[in-house]
Number of protein chains: 2
Amino acid sequence: MNIPSDPKPQGLSDALMRGDLLSAKCPSREVMKHVTSRWGVLVLIALEHGTLRFSQLRRRVGGVSERMLAQTLRWLEGDGLVLRVEYDVVPPHVEYQLTPLGREAAEKVRVLADWIEGSMPRIAAHWAEAGTGPQVEDATQA
Amino acid sequence: MNIPSDPKPQGLSDALMRGDLLSAKCPSREVMKHVTSRWGVLVLIALEHGTLRFSQLRRRVGGVSERMLAQTLRWLEGDGLVLRVEYDVVPPHVEYQLTPLGREAAEKVRVLADWIEGSMPRIAAHWAEAGTGPQVEDATQA
DNA sequence: GTTCATACTAACATTTATGTACGTACTTAC
DNA sequence: GTAAGTACGTACATAAATGTTAGTATGAAC
């Protein structure tokens, strides 16, 4: 059954006052979606080192398709985190860089990313112990 | 027109050495996926305040379905970030809490969430200026 | 001439995340 | 008796993210 998602939260005002991310229709969830999207995270981190062109970015961010890179960049640009600079030259030339706002976001995201990377041994250990890791087929044996 | 020259990738290994999140098949991407998933973020933040039961969590995290809450909790539990404690009593009673690892993760995630909430005015301003925000139909007028 | 590179967009296909509805097994409250 | 609460699992359906392929317009390299 449905628990009313937006009841009158008199007692829950705590969550609402310190920011309403926990309540259903907060616009910040949209930004969160862009920033924490699969490629959003990586694009922000990649751009922290400086300006990059589209295809440089594509090569830097392993596995991203052109379509998703373009899409992600449009999201971040729309949120004012990334600045797109286009040069009107014959072979197209476009540069992407972080805005001041984007630099702030990238920093928080990178802290999280660094933590994950640094904690992978502990997490992987838990995977092994609990058998919960990603299912990897052992190709060496049937 | 002054086009800055290509930034030299002083070492592609740079990205690889400080952690390989930017390279395609890094296991940390799996953890990132769980932690930055739509509900993963909110569950971690909600549990920072302390232990919660399933339905408490569901009420706290606005808009989450039972299915996705269970799924998200299994992800986080599998990564060793959340601890599930089950009491074998007649009406089921299960408690969820952060592990020490989970507390670390939740902190980074909350910093990001707080930043987003605090930056919403600037972001929304950019939305308005560029017309890039989420398409919200104005229900008050046609 | 062919090919490559650039920075994309559009169409289409697929995978994944997420939602909805229902069932469980039992208790308490009405 | 009915209804509701608990903590889910399962089946099904949809929405969203993501991938794949093809195409654009031009110049440079071959």
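Below, read A as the first sequence line, B as the second, and so on, with proteins coming before strands; counting in each chain starts at 1.
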Exercise. Checking all strands, does B:Arg74 fall into the base, sugar-phosphate, or nothing category for heavy-atom contacts under 4.0 angstrom?
Worked result: sugar-phosphate

Exercise. For the pair made of CZ in A:Arg58 and P in D:dT18, what is the distance, rounded to whole Å?
Worked result: 15 Å

For this session: State whether A:Arg53 places a side-chain N or O below 4.0 Å from either non-bridging phosphate oxygen (OP1 or OP2) of C:dA7.
Result: yes

Seminar exercise, completed: To the nearest angstrom, the CG-P distance between A:Leu42 and D:dT18 comes to 11 Å

For this session: Remember a base hit wins even if backbone is also touched, and classify B:Tyr87 as base, sugar-phosphate or nothing at under 4.0 Å, heavy atoms.
Result: nothing

Problem set entry | Below 4.0 Å: OP1/OP2 of D:dG19 and any side-chain N or O of A:Arg38 | yes

Problem set entry | Below 4.0 Å: OP1/OP2 of D:dG5 and any side-chain N or O of B:Arg59 | no

Problem set entry | Gap between atoms NZ and P, on A:Lys33 and C:dA17 respectively (whole Å) | 15 Å

Seminar exercise, completed: Between CD of B:Glu66 and C1' of D:dG5 the distance, given in whole Å, is 11 Å

Exercise. Starting at CD of B:Glu86 and ending at C1' of D:dC8, how long is that distance when rounded to a whole Å?
Worked result: 10 Å

For this session: May I ask you to evaluate whether A:Trp39 reaches the phosphate of D:dG19, defined as a side-chain N or O under 4.0 Å from OP1 or OP2?
Result: yes

Exercise. In terms of hydrophobic clusters joined by side-chain contacts under 4.5 Å, are B:Leu101 and B:Met32 together?
Worked result: yes

Exercise. What about B:Val94 and B:Val64, same hydrophobic cluster or not, with Ile/Leu/Val/Met/Phe/Trp/Tyr joined at side-chain heavy-atom distances under 4.5 Å?
Worked result: yes

For this session: Would you kindly give the CD-to-P distance between A:Gln71 and C:dA7, to the nearest whole Å?
Result: 18 Å

For this session: Find the distance A:Glu30:CD to D:dA16:P and express it as a whole number of Å.
Result: 10 Å

Exercise. Is any side-chain nitrogen or oxygen of B:Arg84 closer than 4.0 Å to OP1 or OP2 of D:dC8?
Worked result: yes

Exercise. Atom CZ of A:Phe54 to atom C1' of C:dT9: distance rounded to whole Å?
Worked result: 10 Å

For this session: Verify the distance criterion only: is there a donor paired with an acceptor across the side chains of A:Gln56 and A:Arg53 at less than 3.5 Å?
Result: no

For this session: Quick one: sort the A:Tyr87 and A:His93 rings into parallel, tilted or perpendicular, breaks at 30° and 60°.
Result: perpendicular

Problem set entry | Closest to the A:Ser37 side chain, choosing from D:dT18, C:dC8, D:dG19 | D:dT18

For this session: Mind checking A:Ser55 for me? I need base, sugar-phosphate or nothing, with any heavy atom below 4.0 Å counting as a touch.
Result: sugar-phosphate

For this session: List the steps, then state whether salt bridge (charged side-chain N to carboxylate O under 4.0 Å, His left out) holds for B:Glu117 with B:Arg110.
Result: CA-CA 10 Å; B:Glu117 287 179 354; B:Arg110 185 181 35 76; over 6 Å; no

Seminar exercise, completed: By nearest-nucleotide position on DNA chain D, the 5'-leaning member of A:Met68 and A:Pro92 is A:Met68

